[in-house]
Amino acid sequence: MEDLEPDTKDWTWVLSRACAECGFDPTAVGPREVAGRIRDDAALWVPRLHRPGVTARTRADRWSVLEYGCHIRDVHRIFDHRVRLMLTEDDPRFPNWDQDATAIADDYGSQDPKIVATELFDAAGVAADTYDHVPAHAWSRRGLRSNGSEFTVATIAIYHLHDIVHHAHDVALM
């Protein structure tokens, strides 16, 4: 499969205003609601990844359902790791994660959709459990992305949720 144009946008603006593309409104959800929303979204990915045609790219500017599923699985893993760093270290710096390079290096388009469905569901459960166990005083703990963007546990939870909501929207357009 051809590589897509890399996404180089800084999406941190989704923490302060609604996303015109997917409709996600950061003011309509609190950080303590994120775990349940992650679990609900993960449950929807299982049937998506079991239907026929998940490897086909139906638009030139979009991944296939399978590739999005791989990405969402990895998003859950990355955000879980980052939140755990924020809960155990003072002001950690997150290593850069190039999602487009990962998609190519891990050959998202050739992975087994049934395995990806299980891995996505499991990774979502782990991330949701991490959010469920954030102590009240820890939602304000900070972490820094490699580009200097600052997050708290609360804002990274909302940012994480937008990512999965946005890609569910992308898949719905297919």
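All values below come from the heavy atoms of this structure, side chains included, with hydrogens, waters and symmetry mates left out. Sequence positions, counted from 1, serve as the residue numbers for this chain.
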Using the rule that two of Ile, Leu, Val, Met, Phe, Trp, Tyr join whenever any of their side-chain heavy atoms come within less than 4.5 Å, decide whether V34 and F121 are in one cluster.
no
Can you find a heavy atom in the side chain of W45 that is under 4.5 Å from one in the side chain of V65?
yes
With rounding to the nearest 0.5 angstrom, report the CG to CD1 distance, D163 to I158.
13.0 Å
Nearest heavy-atom approach of S140 to H137 is OG-O, 3.6 Å
Are L144 and W13 linked, directly or through other ILVMFWY residues, by side chains that come within less than 4.5 angstrom of each other?
no
Within the 4.5 Å heavy-atom criterion, are L15 and F151 side-chain neighbours or not?
yes
Should the ring pair H71 and W97 be called parallel, tilted or perpendicular, given that the plane angle runs from 0 to 90° and is split at 30 and 60?
parallel
Test side chain to side chain contact (heavy atoms under 4.5 Å, CB included) on W63 and V171 and set out the steps.
CA-CA 9 Å; W63 281 332; V171 170; over 6 Å; no
CA sep, side-chain torsions, deciding dist, call: V54, R48, side chain to side chain contact (heavy atoms under 4.5 Å, CB included)
CA-CA 8 Å; V54 298; R48 278 184 196 131; over 6 Å; no
After noting the C-alpha distance and the side-chain angles of D74 and R77, does the key distance pass the salt bridge (Lys or Arg N to Asp or Glu O under 4.0 Å) rule?
CA-CA 5 Å; D74 291 349; R77 291 172 175 170; 3.6 Å; yes
E21 CD to H162 NE2 distance, which is reported to the nearest 0.5 Å:
7.5 Å
May I ask whether I38 and V46 are part of the same hydrophobic cluster, defined by side-chain heavy atoms of I, L, V, M, F, W, Y residues being less than 4.5 angstrom apart, directly or through others?
no
From the options V153, T155, D91, select the one residue that forms a side-chain contact (heavy atoms from CB on, under 4.5 Å) with R142.
D91
Modelled atom types, side-chain donor and acceptor of R84 and T130, under 3.5 Å:
yes
Which atom pair, heavy atoms only, marks the closest approach of R39 to G125?
NH2-O, 4.4 Å
I156 side, atom CD1; R141 side, atom CZ - distance, nearest 0.5 Å:
13.0 Å
Has R82 got a side-chain atom pairing as donor or acceptor with P95's backbone, closer than 3.5 angstrom?
yes
The test is salt bridge (Lys or Arg N to Asp or Glu O under 4.0 Å); show your working for R59 and D170 and say whether it passes.
CA-CA 10 Å; R59 291 178 50 167; D170 288 335; over 6 Å; no
Rounded to the nearest 0.5 Å, what separation is found between the CG atom of L49 and the CG atom of L44?
11.0 Å
Counting distance only, does the side-chain N/O of D25 pair as donor-acceptor with the main-chain N or O of T27 below 3.5 Å?
yes
Check whether any side-chain heavy atom of Y159 sits under 4.5 Å from a side-chain heavy atom of V14, and report yes or no.
yes
What heavy-atom pair brings C70 and Q111 nearest, and what distance separates the two atoms?
SG-OE1, 3.5 Å
Test item: V165 and H169 side chains (from C-beta on) under 4.5 Å apart, heavy atoms
no
Hey, could you give me the CG/NE2 distance between L161 and H166, rounded to the nearest 0.5 Å?
13.0 Å
Between E67 and R57, does at least one N-O distance fall below 4.0 Å, as a salt bridge requires?
yes
To the nearest 0.5 Å, atom CZ of F79 lies from atom CZ of F94 at 8.5 Å
Please tell me if the side chains of D41 and R37 come closer than 4.5 Å, counting only heavy atoms from C-beta onward.
no
Once the angle between the rings of Y68 and H167 is folded into 0 to 90°, is it parallel (under 30°), tilted (30 to 60°) or perpendicular (over 60°)?
tilted
When you measure from the side chain of S149 to the backbone N and O of R145, does any donor-acceptor pair fall under 3.5 Å?
no
Tell me the closest heavy-atom pair linking A128 and A35, and the distance in Å.
O-CB, 3.4 Å
Any sub-3.5 Å donor-acceptor pair from E89's side-chain atoms to M86's backbone N or O?
no
Given side chain to side chain contact (heavy atoms under 4.5 Å, CB included), test V126 with H76 step by step and report yes or no.
CA-CA 8 Å; V126 169; H76 291 311; over 6 Å; no
We want to know whether D129 and H133 form a side-chain donor-acceptor pair, criterion being a heavy-atom distance below 3.5 angstrom.
no
